[in-house]
Amino acid sequence: MARNGNDKHLVSSRGSATSSGHRSNSINVLQSDEDPFEKPQMGKRVGVHRSASRRGTKWIRFMWAALATIVLAVGGILYLAIGEGNLNLSIPGSTAQPTAVEETPAADAVVSPDTSITILNGTSDITLGDETSAFITAGSLGEVTYSGSNTTEDVEISAVFYVNAADEGLARGLAEKLGGLQYYLSADYSEFGSQLIVLLGSDFQVPTQ
């Protein structure tokens with residue numbers, strides 16, 4: 001009987017011990033759920049301290065994401081436009097096609113013995129004007145209405161001038177007969193009243209018959 005009583009005592013003691021141990025373990029589990037970083041113990045450093053989050057970080061990330069979206073959208077539009085051939089990009093410094101300019105064809109060269117001609121000698125050779133007049137008359141290239149000295153005697157390049165645009169063919173014909181001179185439209189010699197004006201320079205030589 002004593003043994004049985006001892007056994008009961010032992011069972012009760014074990015039950016009590018087990019119950020106490022269970023409660024003790026439960027308390028330890030509840031205590032272990034607390035974050036030691038949130039509630040540090042006095043006088044002790046627990047782990048690494050957490051740093052506070054920076055302000056504006058979310059806005060910076062949002063702005064970068066928006067910028068990347070815009071860049072991708074613009075790039076896609078340009079790619080589609082160039083691929084379809086709808087976009088004409090001009091690169092600075094590239095060779096551009098020049099615009100064609102229509103040139104007025106030169107009048108056909110003609111000569112007429114009725115063409116009124118003035119001769120101006122722009123050299124110091126006093127015989128050059130008379131020799132040129134004789135050549136024109138002999139070749140029936142026109143009628144010399146005046147022959148004299150120019151206001152200056154230092155003319156270097158000879159030329160034939162015509163006052164009216166309608167006389168371009170006559171000016172070209174006489175210029176060719178005088179050795180291939182240049183011919184120009186000018187109203188500066190309209191005071192002479194002639195259709196053509198021959199200005200003789202130091203480069204002029206009377207053609208041979």
Side-chain angles (χ1 to χ4, degrees), residues 70-209:
I70 294 173
V71 171
L72 291 175
V74 173
I77 294 173
L78 292 177
Y79 175 80
L80 292 176
I82 295 175
E84 295 294 334
N86 298 325
L87 184 63
N88 184 14
L89 298 177
S90 58
I91 302 174
S94 62
T95 304
Q97 295 295 331
T99 303
V101 179
E102 295 184 0
E103 297 182 358
T104 303
D108 295 334
V110 294
V111 292
S112 173
D114 298 330
T115 304
S116 57
I117 301 173
T118 293
I119 298 176
L120 298 176
N121 186 7
T123 70
S124 58
D125 186 358
I126 58 176
T127 64
L128 188 60
D130 293 338
E131 293 176 356
T132 303
S133 178
F135 176 80
I136 292 174
T137 302
S140 299
L141 303 178
E143 181 181 356
V144 178
T145 57
Y146 177 80
S147 180
S149 297
N150 189 45
T151 55
T152 60
E153 296 182 349
D154 57 352
V155 177
E156 297 180 355
I157 300 175
S158 305
V160 176
F161 297 92
Y162 58 104
V163 178
N164 298 317
D167 295 329
E168 180 183 359
L170 295 173
R172 180 181 179 182
L174 181 61
E176 291 180 357
K177 294 295 184 180
L178 293 177
L181 304 181
Q182 297 294 324
Y183 57 97
Y184 306 96
L185 175 65
S186 176
D188 295 340
Y189 302 96
S190 59
E191 58 183 284
F192 295 100
S194 301
Q195 293 174 276
L196 305 179
I197 297 89
V198 179
L199 179 61
L200 303 178
S202 60
D203 64 332
F204 182 75
Q205 294 181 353
V206 179
T208 57
Q209 295 291 347

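Any value given below was found using the heavy atoms of this structure, including those in side chains, with hydrogens, waters and symmetry copies removed.
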Quiz item: Listed by chain and number, what are the side-chain contact (heavy atoms from CB on, under 4.5 Å) partners of Thr152, not counting sequence neighbours?
Solution: Asn150, Asp154, Val155
Practice problem: Using only heavy-atom distances, determine whether the side chains of Asn121 and Ser149 contain a donor-acceptor pair under 3.5 Å. | Solution: no
Self-check item: Listed partners of Asp114 passing side chain to side chain donor-acceptor pair (under 3.5 Å), at least two apart
Solution: none
Quiz item: Who passes salt bridge (Lys or Arg N to Asp or Glu O under 4.0 Å) against Glu143, sequence neighbours left out?
Solution: none
Quiz item: What is the minimum heavy-atom distance between Gly193 and Ser116, and which atoms define it?
Solution: O-OG, 4.3 Å
Quiz item: If we only count heavy atoms from C-beta on, is the Val198 to Ile117 side-chain gap below 4.5 Å?
Solution: yes
Quiz prompt | Atom of Ala107, atom of Gly169 and distance for their closest heavy-atom approach | solution = CB-N, 3.7 Å
Quiz item: Taking atom CG of Leu185 as the centre, does the number of heavy atoms from other residues, nucleotides or ligands within less than 6.0 Å exceed 12?
Solution: yes
Exercise. Decide yes or no on side-chain contact (heavy atoms from CB on, under 4.5 Å) for Leu199 and Phe161, but give the supporting numbers first.
Key: CA-CA 8 Å; Leu199 179 61; Phe161 297 92; 4.0 Å; yes
Quiz item: Who pairs with Thr118 by side-chain contact (heavy atoms from CB on, under 4.5 Å), at least two apart in sequence or on another chain?
Solution: Leu120, Thr145, Tyr146, Phe192, Ser194, Ile197
Exercise. State which residues pass side-chain contact (heavy atoms from CB on, under 4.5 Å) with Val74; sequence neighbours excluded, sorted by chain then number.
Key: Ile70, Leu78
Quiz item: Just how far is it from atom OG of Ser112 to atom CD of Gln195, taken to the nearest 0.5 Å?
Solution: 8.0 Å
Donor-acceptor contacts, no H, no angles, side chain residues 126-142, under 3.5 Å, sequence neighbours left out:
| residue | atom | partner | partner atom | Å |
| --- | --- | --- | --- | --- |
| Thr127 | OG1 | Asp125 | OD1 | 2.8 |
| Thr132 | OG1 | Leu128 | O | 2.9 |
| Thr137 | OG1 | Ser133 | O | 3.0 |

Self-check item: Flag side-chain contact, heavy atom, 4.5 Å: Leu170 against Tyr162
Solution: no
Self-check item: Spatial distance of atom CG (Asp203) from atom OG (Ser158) [nearest 0.5 Å]
Solution: 4.0 Å
Quiz prompt | Any Thr123 side-chain heavy atom under 4.5 Å of Phe204 side chain | solution = no
Quiz item: What pairs of residues pass the salt bridge (charged side-chain N to carboxylate O under 4.0 Å, His left out) test when at least one of them lies in residues 155-172, not counting sequence neighbours?
Solution: Arg172-Glu176
Self-check item: Over all atoms of both residues, closest heavy-atom pair of Pro207 and Gly179
Solution: CG-N, 4.2 Å
